[in-house]
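Notes follow once the structure below has been shown.
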Amino acid sequence: MSPIFLSRVGCLLGLIIFPFFADQFYIQFVSKVLIMAILASSLNLLVGYTGLVSLGHAAFYGLAGYALAIATTQYAITGFWINLFVSLTVTSILGFFIGALVVRTRGIYFIMVTLAFAQLLFFIFHDTDIAGGSDGVYIYNIPQVTFFGYNALNLSNPTEFYFLSLITFILVIFSIDRITKSLFGQVISGIKINESRVESLGFQAKYYKLTCFVISSFIAALAGFLAALQFGLVNPDMLGWHMSGGALVMVLLGGMGTLFGPTVGALVMLTLELILQSLTNHWQIFVGSIVILVAIFLPNGIVSALRLPYK
Amino acid sequence: MTSSTNNIVLDIKNLSFSFDGLKALDNVNITCKSNEIHALIGPNGAGKSTLINTITGELIPTTGSTKIYGRDVQGLSKDKIARLGIGHVYQTTNIFPSLTVFENCVLAAQSLLSNRVNIFRGAETYALPGQIARESIKKVQLVDKMFTRADLLSHGDQKKTEIAMVLSSKPKLLLLDEPLAGMSGAESNTILDLINQLKESNSILVVEHDVNAILSIAQKVSVMASGRIIKFGNPNDVRSDPYVQRVYLGNHGK
Ligand SMILES: Nc1ncnc2c1ncn2[C@@H]1O[C@H](COP(=O)(O)OP(=O)(O)OP(=O)(O)O)[C@@H](O)[C@H]1O
Ligand SMILES: [Mg+2]
């Protein structure tokens with residue numbers, strides 16, 4: 001058995017037994033790390049594997065949260081699976097339409113157009129009262145996870161919520177691993193290296209980029225759905241460029257184009273925030289400095305130093 | 001010998017193209033038949049690469065028509081034209097530098113599999129692309145460097161990589177823009193032999209500055225200057241043409 005495999009199994013076991021020993025605070029914290037890791041990993045599909053730098057990825061994260069909030073509060077649709085279905089569907093459909101437009105652009109224009117779409121969505125929720133305006137919406141009825149009629153998980157319980165996040169995280173990582181090793185994955189990595197060559201070999205690059213965009217928005221929606229469940233609240237910040245930028249920093253910090261880079265990035269960012277926030281009011285300066293140092297000394301991200309498995 | 005029109009692979013008629021007012025192609029006519037090597041020669045800036053690029057959809061011609069197997073390809077996207085069976089070896093090497101020679105070829109061969117692929121099935125479970133890649137690499141004699149990253153290779157070997165990659169996508173019409181550039185004498189001969197063999201199964205349009213070399217294997221030659229085809233014929237006709245002699249065949253100063 002390879003050391004890579006053993007270290008993965010070790011981390012997984014640690015994640016499984018951890019909540020039985022830890023404080024509620026830390027259980028919630030690690031749930032949040034897992035959720036951000038899912039978001040960053042979804043963005044990594046675009047940025048790291050396909051070479052499409054999106055600055056508007058939080059749009060999908062936030063929209064999934066809003067879909068949950070609006071469905072439960074305004075339409076009285078409450079039920080874990082139906083809510084999940086609604087959030088993922090609404091977000092993926094939007095991902096498809098935004099994707100169809102943005103994949104026509106390249107480079108800096110792609111960055112600008114994704115940012116513009118996300119800002120548009122931000123202002124729709126911020127400046128109108130479809131969902132509480134700038135205050136956002138509270139989700140009072142947190143749905144229970146039922147499985148063939150049984151109440152499988154009570155999501156108001158932090159430990160049970162933690163396990164939902166962990167299962168989702170594992171499924172997402174597994175899927176991304178499979179996707180990037182598929183034929184589809186080979187073509188998107190070709191697009192990252194030399195898009196025009198991919199096209200002159202007969203691949204429809206746009207089709208691949210659009211598919212990747214939709215998959216990526218679907219996974220971001222999973223993260224947004226979980227985040228809304230965890231906080232019991234959605235607000236426009238979930239869609240804002242701060243959130244998009246934060247996810248991008250996690251990807252770059254951890255190591256783009258690597259399977260676990262975004263997860264490491266999410267863990268490091270949130271841990272730094274947690275520690276520095278308790279020490280100083282100017283914690284953002286320190287977080288920023290550390291990001292800059294990593295960018296200079298570890299341009300391929302933290303995992304390149306940990307020698308964690310690539311791809 | 002059949003001289004019927006049904007073996008015409010590429011048929012270009014009255015094609016013109018301008019770069020912001022500069023007329024790079026002026027009423028060009030050219031045809032390529034199957035199992036035939038058509039050499040395209042001419043001085044720098046004649047418009048040879050521009051012509052190739054209008055065929056592949058890289059550039060959109062102003063007027064004229066381009067037919068591939070009788071199908072008008074005007075306005076089709078680059079990837080669609082490629083899927084008609086066109087392979088393009090660019091003048092400036094165009095490969096995936098951070099991939100190995102083998103990976104370059106495998107990726108190209110994967111274009112032969114359906115686009116609607118199962119995103120959860122591992123790429124390595126398809127045997128065909130690897131097989132095709134190995135064959136192409138053998139053809140260009142790069143087996144010993146098969147697992148070397150392309151960007152670490154010499155210019156000549158990168159060109160070979162591109163040729164092997166393009167062959168891996170199994171094109172029927174090959175457009176080769178200076179395939180011998182950057183190669184040693186021995187390497188040139190390998191590639192010339194290869195082009196000559198490929199004739200058995202392909203139609204080939206090849207741009208080359210090494211006129212003696214390319215005329216030794218070509219069946220048809222078009223000579224281009226200032227965006228026009230100024231001479232067309234078989235290699236012997238072209239060799240005896242005074243203009244070609246003056247420009248290429250060492251009779252300078254006459
Ligand atoms: N992208 C471009 N923009 C403007 N002019 C161009 C461009 N590419 C080529 N040209 C011009 O078009 C003309 C034809 O160029 P082309 O590259 O087709 O020549 P060529 O016959 O391939 O020459 P060479 O043997 O040097 O490769 C030249 O005058 C060149 O300067
Ligand atoms: Mg040229």
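Chain letters run A, B, ... following the sequence lines, proteins first, then strands; residues in each count from 1.
Relative orientation of the Y90(B) and H88(B) rings is parallel, given thresholds of 30° and 60° on the angle between their planes.
Remark: R121(B) CZ is packed, more than 12 non-hydrogen atoms of other residues, nucleotides or ligands lying under 6.0 Å away. In F297(A), the CZ atom is not crowded: 12 or fewer heavy atoms of neighbouring residues, nucleotides or ligands sit closer than 6.0 Å. Residue F96(A) qualifies as open at atom CZ: its count of foreign heavy atoms under 6.0 Å is 12 or below.
A salt bridge does not link K159(B) to D157(B): none of the charged side-chain nitrogens sits closer than 4.0 Å to a carboxylate oxygen.
For the atom pair CD1 (I30(B)) and OG1 (T66(B)), the distance works out to 11.0 Å, reported to the nearest 0.5 Å.
Proximity to chain A at a heavy-atom threshold of 4.5 Å picks out K78(B), D79(B) from residues 71-80 of chain B, in numerical order.
By number of non-hydrogen pairs under 4.5 angstrom with chain A, the leading residue of G57(B), A108(B), P129(B), S169(B) is A108(B).
At a 4.5 Å heavy-atom cutoff, the contact between I95(B) and chain A is made by backbone atoms alone. For a residue to count as touching a neighbouring chain, one of its non-hydrogen atoms must lie under 4.5 Å from one of that chain's; by this rule T211(A) does not touch chain B.
Annotation: side chain of L176(B) is not in contact with side chain of L205(B) (no heavy-atom distance under 4.5 Å).
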